[in-house]
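As the structure is a prediction and not an experimental result, all values here were calculated from the model. Heavy atoms only: backbone and side chains are in, while hydrogens, waters and symmetry mates are out.
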Amino acid sequence: MTKTLTYFSQKGGCGKTTLSIMTASYLAYIEKQRVAVIDADGQHSFYLARQKEQKKEQFFMEELKKYGVDKPYEVFACNLGEARSRLIELYKSNNYDYIIVDLPGTVGDDEIYNIVCSINYVIVPFEHHAPALESSLRSAVVVTKKLKKVNGVQIKKVCGCFNKVPYSQLSRLRQYIQPINMVGFDYVFRQVIGDAPTISNIDKCCTYLPPAEQFLAQKDEKLNLGGYFEELMEVLS
């Protein structure tokens, strides 16, 4: 059965699109799942990344063969008004295991509410410093208290995750996961994603390739992507 997922927050710059790219690429190229992405963010950063990478498609396709993958996942660009109908269309096609929706960084648009209500797993990424964290928590409250009460809502879990955290703060932040979980999240990831200035480099965050193997290794405690994705698969199961 198709599962739908979005990284959602009213705080810009918290890593929604980067996480969406890495998650889609991980699911498609490591887990060998059928994935589609709907880019409904006005900037269309996800879709533009795919368009840019298509100029080197032959190179990427050769690399993909190493992972036993024949083609990249599909990326659709649309505006907010079209996003929900596109989501329903792709869902009903039964052609995908996962559909990921990349949304703008705002919770003030009724159209966004309608889209989020149609998504199974809503993950709110938040950074370690207070202003960003407070903004992200407000996003969670909006989803859990307003959206989940709508008749016919498809949301199964609203999750929170620490993202872009300096290595020096990783251990300290883990003690706050349980208190934050009580704010309104259904689940808060135990695995904290570290900050990496080079994470957006093409060999680490690419729509044609999975995240770099060194960042998926459990021994890489600074970034901890491997731990995060293992926990994500448990959450989505």
For the pair [X] (side chain) and [Y] (backbone), establish whether a donor and an acceptor sit closer than 3.5 Å, ignoring hydrogens and angles.
| X | Y | answer |
| --- | --- | --- |
| H44 | D39 | yes |
| S93 | N95 | yes |
| S85 | E82 | yes |
| Q33 | D97 | no |
| R50 | Y73 | yes |
| S20 | D102 | no |
| S25 | P211 | no |
| K157 | Y187 | no |

Where [X] and [Y] come nearest, the two heavy atoms and their spacing:
| X | Y | result |
| --- | --- | --- |
| D186 | K156 | OD2-O, 4.1 Å |
| Y96 | T2 | O-OG1, 2.6 Å |
| N120 | Q154 | ND2-O, 3.2 Å |
| K16 | L103 | CE-O, 3.7 Å |
| V69 | Y29 | CG1-CD2, 3.9 Å |
| L19 | P125 | CD1-CB, 3.8 Å |

Result of checking Y67, F59, F60 against Y208 for ring-ring contact (aromatic ring centres under 6.0 Å, His included):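 Running ring-ring contact (aromatic ring centres under 6.0 Å, His included) over Y67, F59, F60 with Y208 returns exactly one hit, F60.
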
Side chains of [X] and [Y]: closer than 4.5 Å at any heavy-atom pair?
| X | Y | value |
| --- | --- | --- |
| V124 | F185 | yes |
| P210 | M22 | no |
| L225 | I193 | yes |
| C161 | I123 | yes |
| P104 | L80 | yes |
| V101 | L5 | no |
| I100 | F46 | no |
| T23 | L232 | yes |

Whether Y7 and Y228 hold their rings parallel, tilted or perpendicular, with breakpoints at 30° and 60°: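 Taking Y228 first and then Y7, their aromatic rings sit tilted (interplane angle of 30° to 60°).
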
Heavy-atom count check: over 12 atoms from other residues, nucleotides or ligands less than 6.0 Å from [X] [atom1]?
| X | atom1 | answer |
| --- | --- | --- |
| E213 | CD | no |
| K52 | NZ | no |
| E57 | CD | yes |

What distance do [X] atom [atom1] and [Y] atom [atom2] have between them, rounded to the nearest 0.5 Å?
| X | Y | atom1 | atom2 | value |
| --- | --- | --- | --- | --- |
| E230 | Q191 | CD | CD | 8.0 Å |
| E89 | R86 | CD | CZ | 5.0 Å |
| C159 | E231 | SG | CD | 9.0 Å |
| M233 | I30 | CE | CD1 | 11.0 Å |
| L27 | K3 | CG | NZ | 10.0 Å |
| T4 | I99 | OG1 | CD1 | 7.0 Å |

Same apolar cluster: V75 and L48, side chain cutoff 4.5 Å: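 No; L48 is not reachable from V75 via cluster members.
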
Single-linkage hydrophobic cluster I88~Y113, side-chain heavy atoms < 4.5 angstrom: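 No, I88 does not connect to Y113 through the hydrophobic network.
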
Trace of the side chain to side chain contact (heavy atoms under 4.5 Å, CB included) decision for I119 with F8: CA-CA 11 Å; I119 295 174; F8 176 74; over 6 Å; no

Stepwise ring pair (Phe, Tyr, Trp, His ring centres under 6.0 Å) test for F189 and F229: CA-CA 10 Å; F189 282 82; F229 283 125; 9.5 Å; no

Side-chain donor-acceptor contact under 3.5 Å, T207 with E53: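 Looking only at side-chain atoms, E53 and T207 do form a donor-acceptor pair, the distance falling under 3.5 Å.
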
